[in-house]
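Note sheet for the following structure.
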Amino acid sequence: MAGTKEIKAHIASVQETKKITNAMYLIASTKLRRARQELDNTRPYFEALRGEIKRIFRTANDVDSRYFYPVGDDTPREGTYGCLVITADKGLAGAYNQNAIREAMKLLDQHPDTKLFVVGEFGRRFFAQRNIPIEHSFLYTAQNPTMARAREISARLLDGFDRGELKEIYVVYTDMENAMSFRARSARVLPFHRTYFAPPPGERVVAEPFEFVPGVRSVLDNMLPSYVSGFIYSALIDSFCCEQNARMTAMDSANRNAENLLGDLSLEYNRVRQAAITQEITEVSAGARAQKQSHQKKE
């Protein structure tokens with residue numbers, strides 16, 4: 001059984017660890033709040049952009065664009081796919097990284113001819129350790145998603161798509177469904193289905209005359225890269241928010257475990273200390289009794 005000195009050292013160690021996990025919880029909550037604010041500030045622009053694309057399809061149903069499947073055709077294209085995998089730079093976030101990696105591996109199993117584009121140190125290490133080739137690794141940190149970085153990523157993916165090297169483009173990220181739950185998902189970015197921009201059932205469609213200069217296809221091809229950049233930026237922010245949320249959950253669980261462990265250690269420390277005190281009292285009593293008996297014999 002451990003002595004009081006060892007138990008006190010263990011208690012001090014747990015208390016120091018609890019300080020660290022509590023600090024990490026507060027930092028994650030601050031980052032989560034800031035990232036949500038940034039997403040709320042940029043989302044209206046891309047929602048408006050999507051609304052304008054909807055208007056184009058309401059006006060010109062027969063528009064042809066390389067960014068969309070042909071009308072009535074949703075057959076997956078044959079050839080090389082591109083997949084952007086968004087992970088974190090570090091762990092201590094529960095199953096956040098593992099879920100994203102699992103979703104990416106599922107896509108690789110379904111379509112082995114897939115080029116990987118990775119954001120996050122965790123994903124880079126995972127694929128490198130398993131000798132899975134990475135087409136391009138975006139070396140900046142996943143901790144600071146910005147619109148400029150989203151445009152850089154989308155420009156590289158769109159370049160491969162426009163040159164015909166990538167037939168379809170997917171994004172594996174973690175979607176924050178609500179404040180309490182999130183899940184890793186794989187979303188196809190290109191080509192789009194036309195139904196993605198169709199009005200929801202029951203929505204009143206007002207036909208308005210539009211004049212497209214120089215043409216409807218040129219206007220649509222000019223709008224789609226900005227929309228793809230917005231989609232990727234939203235995926236980066238969503239993943240970052242989910243990472244911080246997962247880290248908050250993990251650190252909160254660690255704090256509760258530390259409290260329980262400190263309670264158990266305190267009980268054990270008190271029990272050991274009481275046993276030591278009892279032992280000392282017993283030894284003092286035995287010594288006093290022995291001396292008393294010795295005096296009685298001498299008398």
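From a predicted model like this one, the values you see are computed outputs, not experimental measurements.
The closest side-chain heavy-atom distance from F231 to S154 is not below 4.5 Å. E168 places a side-chain heavy atom less than 4.5 Å from the side chain of R188. Taking the side chain as every heavy atom from C-beta outward, V228 and L157 never approach each other to under 4.5 Å. Between C83 and V172 there is a side-chain heavy-atom pair separated by less than 4.5 Å. F117 is listed as a side-chain neighbour of L166, based on a closest heavy-atom distance under 4.5 Å. Inter-residue side-chain proximity for Y81 and K115 is flagged as unmet; no heavy-atom pair is nearer than 4.5 Å. Using a 4.5 Å heavy-atom cutoff, the side chains of R149 and R151 are not in contact.
Listed for the S234 side chain is no donor-acceptor partner under 3.5 Å among the backbone atoms of G230. Side-chain N or O atoms of T114 include none that pairs as donor or acceptor with a backbone N or O of L107 at under 3.5 Å.
Residues S137 and I134 come closest through the heavy atom pair N-CG2, 4.1 Å.
Using a 4.5 Å cut-off between side-chain heavy atoms of Ile, Leu, Val, Met, Phe, Trp and Tyr, with links allowed through other members, L158 and L116 fall into different hydrophobic clusters. Hydrophobic clustering keeps V85 apart from I153 (ILVMFWY residues linked when any side-chain heavy atoms are closer than 4.5 Å, directly or through intermediates). Neither F138 nor F126 shares a network with the other; the hydrophobic side chains, linked directly or stepwise wherever heavy atoms of I, L, V, M, F, W or Y lie under 4.5 Å apart, form separate groups for each. Y173 and L190 end up in the same hydrophobic cluster when Ile, Leu, Val, Met, Phe, Trp and Tyr side chains are linked at under 4.5 Å. Cluster membership check: L84 does not share its hydrophobic cluster with Y170, using side-chain heavy-atom separations under 4.5 Å among Ile, Leu, Val, Met, Phe, Trp and Tyr.
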Could you walk me through whether I86 and V118 pass the side chain to side chain contact (heavy atoms under 4.5 Å, CB included) test, one step at a time?
-> CA-CA 6 Å; I86 302 175; V118 182; over 6 Å; no
Let me see the working for Y96 and S239 under side chain to side chain contact (heavy atoms under 4.5 Å, CB included), right down to the final yes or no.
-> CA-CA 9 Å; Y96 166 80; S239 296; 3.3 Å; yes
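With sequence neighbours left out, the side-chain hydrogen bond (donor to acceptor under 3.5 Å, both in side chains) criterion links T80 to D113. Residues passing the side-chain hydrogen bond (donor to acceptor under 3.5 Å, both in side chains) test with R130: none are found, sequence neighbours excluded.
Looking at E121 and R124, a side-chain N of the basic residue comes within less than 4.0 Å of a carboxylate O on the acidic one, giving a salt bridge.
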Donor-acceptor list for residues 97-106 side chains, cut-off 3.5 Å, not counting sequence neighbours:
unit_1: N97; atom_1: OD1; unit_2: A88; atom_2: N; d: 2.9
unit_1: N97; atom_1: ND2; unit_2: K90; atom_2: O; d: 3.2
unit_1: N99; atom_1: OD1; unit_2: R102; atom_2: NH1; d: 2.8
unit_1: N99; atom_1: ND2; unit_2: A95; atom_2: O; d: 3.1

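Separation of atoms OG1 (T17) and CG (L261) is listed at 9.5 Å; rounding is to 0.5 Å. Rounded to the nearest 0.5 angstrom, R156 CZ and I232 CD1 are separated by 12.5 Å.
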